[in-house]
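Have a look at the structure below before the remarks.
In the text below, chain A, chain B and the rest are named by the order of the sequence lines, each starting its count at 1. Computed from heavy atoms alone, side chains included, the values below leave out hydrogens, waters and symmetry copies.
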Protein chains: 2
Amino acid sequence: MNQVRETVLKSFATAAHDHGRCIKTALAKAEQACVTSGKRLTPLRRRVLELVWGSHEPVKAYELLALLGQEREQAAPPTVYRALDFLQDAGLVHRIASLNAFVGCGEPREGHVSQFLICTACGTVAELADPALSSRIADCAERLGFRVARETMEIEGTCRNCQKTGKAGDHA
Amino acid sequence: MNQVRETVLKSFATAAHDHGRCIKTALAKAEQACVTSGKRLTPLRRRVLELVWGSHEPVKAYELLALLGQEREQAAPPTVYRALDFLQDAGLVHRIASLNAFVGCGEPREGHVSQFLICTACGTVAELADPALSSRIADCAERLGFRVARETMEIEGTCRNCQKTGKAGDHA
DNA sequence: ACCACTGGCGTTACTTAATAACAGACAGGC
DNA sequence: GCCTGTCTGTTATTAAGTAACGCCAGTGGT
């Protein structure tokens, strides 16, 4: 059985970790990824990415819109949705369908799988990248002649911290 | 490795299967389940369930609303959403988050897992219930001290039929 | 230098999705 | 009868997402 990826451990250690640094790293990686793949990380897109990375909690499109509205006159829905579309295509953010929200992706790579643990108490989201899961899915699908294009896995529950502190907030 | 459940095979065999019968069975099971658990499957709720079972394709809330509107004067969003909420709680329908849509559940049971194969060509959805997948998820989660409450798995791709016929419709 | 083409963005308007809050109806227990 | 809770009707509003059009800056060809 495979080692569970470090990404996850990091993300749930929110109390401890230096998030400013976390954002910087993410932005740097993103920039790098765009250079490599010839995609244009414009100021607007960069800023949206930065805002998404504001926390490890999923951010809603209209929240982003409001944030953008504070710093520039012009901010309509398409502004933010277009940026988000780009970022998704580039593998820099993931959309969490069950929450209608977005989170930054720590390991930009196109065609990336999308497996998340979502703590409904604190709202934190951790990305999982378990090859065993993916391959099990592939097995099931193949047996049915189904060709997999995209997998979405969103697991809600309570993270270790929130179990300890008995939190029960409603970030569902 | 476990046998993949029959449910799936049935659902993708849409061309062949007698859907009228399929609905009837589902409704009967639902009624039974409600009796057993002391829940009230009112005429409205029953009708909504029936409409959801109209096909094996996911149905949108506002489509249901329109259908309801044809047969009764009064049909506002809450009408249909409340019915859907009830049906979800009772485990009679599933919500497919990535599509904002609903499908009937062939095996009503509360706390049911939710694993779907979604054909983006024909729109058909098949429910998967693979214990191995669930247990692998549980493993990953446990290792991180994460307590799983609900799992959502939505796998998009192309079903066997559509691969053969080369269909490429956009039921994404 | 000029032109055409493209991609990114601004803007307006609209559709779809979902929920809040309040009011009436109705059923069952006492 | 009356109280209580649950189901439904109704109105209004918020959130989410998309369509369509036009401008402009950069790029590449001639």
From the options [options], select the nucleotide whose nearest atom is closest to the side chain of [X].
{"X": "A:Y62", "options": "D:dA15, C:dT12, C:dT19", "answer": "D:dA15"}
{"X": "A:K60", "options": "D:dA16, D:dT8, C:dT19", "answer": "D:dA16"}
{"X": "A:R72", "options": "D:dT8, C:dC9, C:dA18", "answer": "C:dC9"}
{"X": "A:R82", "options": "D:dT10, D:dG17, C:dC9", "answer": "C:dC9"}
{"X": "A:P78", "options": "C:dT11, C:dC9, D:dG17", "answer": "C:dT11"}

Tell me whether the OP1 or OP2 atom of [N] has a side-chain N or O from [X] closer than 4.0 Å.
{"X": "A:Y81", "N": "D:dG17", "result": "yes"}
{"X": "A:R95", "N": "D:dG17", "result": "yes"}
{"X": "B:N100", "N": "C:dA18", "result": "yes"}
{"X": "A:T79", "N": "C:dG10", "result": "yes"}

Please give, in whole Å, the distance from [N] [atom2] to [X] [atom1]?
{"X": "B:R46", "N": "D:dC7", "atom1": "CZ", "atom2": "P", "result": "17 Å"}
{"X": "B:L41", "N": "D:dC7", "atom1": "CG", "atom2": "P", "result": "11 Å"}
{"X": "B:D89", "N": "D:dC7", "atom1": "CG", "atom2": "P", "result": "11 Å"}
{"X": "B:E63", "N": "C:dT16", "atom1": "CD", "atom2": "P", "result": "10 Å"}
{"X": "B:F86", "N": "C:dA18", "atom1": "CZ", "atom2": "C1'", "result": "20 Å"}
{"X": "B:D85", "N": "C:dT19", "atom1": "CG", "atom2": "C1'", "result": "10 Å"}
{"X": "A:R45", "N": "C:dC9", "atom1": "CZ", "atom2": "C1'", "result": "9 Å"}
{"X": "A:L65", "N": "C:dG10", "atom1": "CG", "atom2": "C1'", "result": "13 Å"}

Report yes if some heavy atom in the side chain of B:I96 is under 4.5 Å from a heavy atom in the side chain of B:V103; otherwise report no.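 In short, these two side chains touch, coming nearer than 4.5 Å.
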Heavy-atom side-chain proximity of A:C34 to A:R40 below 4.5 angstrom: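 In short, these two side chains do not touch, never coming nearer than 4.5 Å.
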Mind telling me whether B:H19 and B:H56 have parallel, tilted or perpendicular rings, with 30° and 60° as the class edges?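 Judged by the thresholds at 30° and 60°, the geometry between B:H56 and B:H19 is perpendicular.
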When we call it a touch if two heavy atoms are under 4.0 Å apart, what does A:R40 touch: a base, just sugar-phosphate, or nothing?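 Sugar-phosphate contact only - A:R40 comes under 4.0 Å of backbone atoms but never of a base.
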Please assess B:R95 against B:Q88 for the test side-chain hydrogen bond (donor to acceptor under 3.5 Å, both in side chains), listing each intermediate value before the final yes or no. CA-CA 7 Å; B:R95 192 180 116 90; B:Q88 276 182 94; 5.2 Å; no
Between A:E31 and A:R46, does any NZ, NE, NH1 or NH2 come within less than 4.0 Å of an OD or OE carboxylate oxygen?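 Looking at A:E31 together with A:R46, the answer is yes, because their closest N to O distance falls below 4.0 Å.
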Using heavy atoms to find the nearest nucleotide of DNA chain C for B:P77 and A:A75 separately, return the residue whose nucleotide is more 5′.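 The 5'-side residue here is A:A75.
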